[in-house]
Amino acid sequence: MFVDLGADPVDFYVAPAIWVRDEITKRHQAFLLRHGGKRPVNPDSVHHKIKVEWIEQWRQRWGLLGMPR
C-alpha cells in the first residue's frame, strides 16, 4: 500500500506486492541500462522512487483487501 500524503485529501493506493516487485524491478533495470549499469549518483543506494502516475491504477482499490470502497 502507498499513501500520497501530498494529496488533499490523502490518497491511498492498494497494489499487490508481486506487481510492486515486478514493476520496480522492470523500471530499475531500464534505469540502469540508461546509466551504464550502475546508479550515477550513489551506486550503493537501495532506494527507488515511485511516481503517482505509475500506481494510479491502484488508487482506492480497497476491494483487493476485501473491503468496500
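Residues take their numbers from the sequence shown, with the count starting at 1. Everything quoted here is computed from the prediction, not taken from an experiment.
Looking at heavy atoms from C-beta onward, R27 lies in side-chain contact with W54 at the 4.5 angstrom threshold. In this structure the side chain of M1 reaches within 4.5 angstrom of the side chain of F12, judged on heavy atoms. By the 4.5 Å heavy-atom criterion applied to side chains, E56 and Y13 are counted as neighbours. Two residues are said to be in side-chain contact when any heavy atoms from C-beta on lie closer than 4.5 Å; V3 and D11 fail this criterion.
Taking the six-membered ring where tryptophan is involved, the planes of F31 and H35 are tilted, since the angle between them lies from 30° to 60°. In this pair, H28 and H48 present their aromatic rings perpendicular. The plane angle is above 60°, beyond the 30 to 60° band.
Residues W58 and F2 keep their aromatic ring centres 6.0 Å or farther apart.
Between the side chain of R59 and the main chain of I55, no donor-acceptor pair closer than 3.5 Å is present. In terms of modelled atom types and a separation under 3.5 Å, the side chain of R39 and the main chain of S45 share a donor-acceptor contact.
For L65, the CG atom is densely surrounded, since the number of other residues' heavy atoms within 6.0 Å is greater than 12.
When hydrophobic clusters are built by joining Ile, Leu, Val, Met, Phe, Trp and Tyr residues whose side-chain heavy atoms come closer than 4.5 Å, directly or via intermediates, I18 is not grouped with I50.
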